[in-house]
Amino acid sequence: DRASALAIDSIGRIVVAGSAYNGIESNDFALARYNTDGSLDTSFNSSLLCIPNSICNGKLATNFNGGEDVAYGIVLQADGKIVVAGYGDTNLNLVLARYTTHGTLDTTFGGGDGLVTTGSLRSAFALAIDSDGRIVAAGEASNSTDSDFALARYNTNGTLDTTFGGGDGLITTGFFSGEDDSASALAIDSIGRIVVAGYAYVSGTNSDFALARYNTNGTLDMNFGGGGKVTTGFFSGENDSAFALAIDSDGRIVAAGYTDTGPGYGIALARYLP
């Protein structure tokens, strides 16, 4: 079992998402909620049928159509509902699940089962909710030759937002022709622009920190970097990748991850002006 993301709810409980091995050679989405003292919250996914160590009374698992399912992002809505994203299904697509505050799948989301699969994108690694309650997921997509940054925006019911991107709710962004890119983190700034961070391969052998900023309609913000995109290398010819992102009170963007220093790996941190 692995934990990949967490959030804290309005009364201080800790909600953790990741994956759990299901005993039949694959993983499922896994979710657990803890009280403020660190004990499992037994009111979450509670059942009179629970037995010790079973997946209930504080924890749950969700399988998408018998596939390998791993959650990487989590966000809590204003109403307390829990949205989780990652990859899954039998074809390893971007998948989302939404749960009620009680730990059951929310039947008002997706096709009535609380689940959403977006087949044209490979995975989601980060989630955010904008000021209108729409769900934004960032990750990667394959274009048949390499991978690109990918963004998807969903309405509150789980349908893709057709006002975003090219009318299908989806966006892909490549940095260097023929090279792999992947987004790992995202944040939404004070005027609704979406900032995404991850890595971009620059030569086939080494990667740099990569950031992109998008306007609220999904177009690249041409006032950011070069055509809406920025890459940052720490050591020449070595690999760098950003995994976390925050925006401070002055609008500066802080990205954190790792850099290959040559003899080993180190923590990498960069701060960008708006």
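- Qualifying ring pair (Phe, Tyr, Trp, His ring centres under 6.0 Å) partners for Phe29, counting only residues two or more places apart in sequence or in other chains: Phe64.
- By the 4.5 Å heavy-atom criterion applied to side chains, Val15 and Tyr99 are not counted as neighbours.
- Thr172 is not listed as a side-chain neighbour of Asn143, based on a closest heavy-atom distance of 4.5 Å or more.
- Residues Val230 and Ile253 share a single hydrophobic cluster, defined by chaining ILVMFWY side chains whose heavy atoms lie under 4.5 Å apart.
- Side-chain atoms of Tyr272 and Thr232, non-hydrogen and from C-beta on, do get closer than 4.5 Å to each other.
- Every salt bridge (charged side-chain N to carboxylate O under 4.0 Å, His left out) that Asp250 has, sequence neighbours left out, goes to Arg252.
- For residues 169-195, the pairs satisfying ring pair (Phe, Tyr, Trp, His ring centres under 6.0 Å) are Phe149-Phe175, with sequence neighbours left out.
- The list of salt bridge (charged side-chain N to carboxylate O under 4.0 Å, His left out) pairs with a residue in residues 71-82, not counting sequence neighbours, reads Lys81-Asp106.
- When side chains are defined from C-beta on, Thr173 does not count as touching Asp181, because their heavy atoms never get closer than 4.5 Å.
- Looking only at distances, no side-chain donor or acceptor of Asn35 sits under 3.5 Å from a matching main-chain atom of Gly38.
- The ring pair (Phe, Tyr, Trp, His ring centres under 6.0 Å) contacts involving residues 179-203 comprise Tyr199-Tyr201, where partners must be two or more places apart or lie in separate chains.
- Considering all non-hydrogen atoms of both residues, Gly174 and Asp148 come closest at CA-OD1, 3.5 Å.
- Side-chain contact between Leu6 and Tyr34 is absent, with no heavy-atom pair separated by less than 4.5 Å.
- Residues Leu31 and Ile74 meet the side-chain proximity criterion, which asks for heavy atoms closer than 4.5 Å.
- Separation of atoms CD1 (Ile171) and CG (Asn217) is listed at 7.5 Å; rounding is to 0.5 Å.
- The shortest non-hydrogen separation linking Leu105 to Ala97 is CD2-CB, 4.2 Å.
- Listed by chain and number, the residues in a ring pair (Phe, Tyr, Trp, His ring centres under 6.0 Å) with Tyr21 amount to none (sequence neighbours excluded).
- Atoms OG1 and CG, on Thr259 and Leu269 in that order, are 12.0 Å from each other to the nearest 0.5 Å.
- Of the inter-residue distances, the one linking Thr261 atom OG1 with Asn239 atom CG reads 11.5 Å to the nearest 0.5 angstrom.
- Both Val202 and Val196 belong to a single network of hydrophobic side chains, linked directly or stepwise wherever heavy atoms of I, L, V, M, F, W or Y lie under 4.5 Å apart.
- Checked against ring pair (Phe, Tyr, Trp, His ring centres under 6.0 Å), Phe243 has the following partners two or more places apart in sequence or in another chain: Tyr258.
- Listed by first then second residue, pairs satisfying salt bridge (charged side-chain N to carboxylate O under 4.0 Å, His left out) with a partner in residues 221-244 read Arg193-Asp221, Arg213-Asp221, not counting sequence neighbours.
- The closest side-chain heavy-atom distance from Asn57 to Ser46 is below 4.5 Å.
- The two residues Leu245 and Ala187 make their nearest non-hydrogen contact at CD2-N, 3.7 Å.
- In plain terms, the two heavy atoms of Gly110 and Val116 that are nearest each other are CA-CG2, 3.6 Å.
- For Phe125, the ring pair (Phe, Tyr, Trp, His ring centres under 6.0 Å) partners are Tyr72, not counting sequence neighbours.
- Both Leu121 and Leu160 sit in one connected hydrophobic cluster of ILVMFWY residues. Membership requires side-chain heavy atoms under 4.5 Å apart, directly or through other members.
- Judged by distance alone, the side chain of Asn155 and the main-chain N or O of Gly158 form no donor-acceptor pair under 3.5 Å.
- Tyr87 contributes atom OH, which lies 7.0 Å from atom CG of Asn27 (distance to the nearest 0.5 angstrom).
- The structure places CD1 of Ile82 at 10.0 Å from CD of Gln77, a figure rounded to the nearest 0.5 Å.
- Atoms CG and OG, from Asp146 and Ser182 in turn, are 11.5 Å apart once rounded to the nearest 0.5 Å.
- With hydrophobic clusters built from ILVMFWY side chains whose heavy atoms lie under 4.5 angstrom apart, Leu96 shares a cluster with Ile129.
- Side-chain N or O atoms of Thr107 include none that pairs as donor or acceptor with a backbone N or O of Gly112 at under 3.5 Å.
- Within the structure, the side chain to side chain donor-acceptor pair (under 3.5 Å) test picks out the following pairs touching residues 111-120 (sequence neighbours left out): Thr118-Tyr154.
- Under the disulfide bond (SG atoms under 2.5 Å apart) criterion, no residue pair touches residues 57-101, with sequence neighbours excluded.
- Minimum heavy-atom separation, Ala71 to Val84: CB-CG1, 3.3 Å.
- Follow the hydrophobic side-chain contacts under 4.5 Å out from Phe224 and you never reach Ile194; the two are in separate clusters.
- Shown here are the side-chain contact (heavy atoms from CB on, under 4.5 Å) partners of Asn22, two or more places apart in sequence or in another chain: Ile24, Ser26, Asp28, Asn63.
- A side-chain N or O of Thr108 and one of Arg98 form a donor-acceptor pair less than 3.5 Å apart.
- Annotation: side chain of Val95 is not in contact with side chain of Leu115 (no heavy-atom distance under 4.5 Å).
- Nearest heavy-atom pair across Ser184 and Ala242 is CB-O, 3.5 Å.
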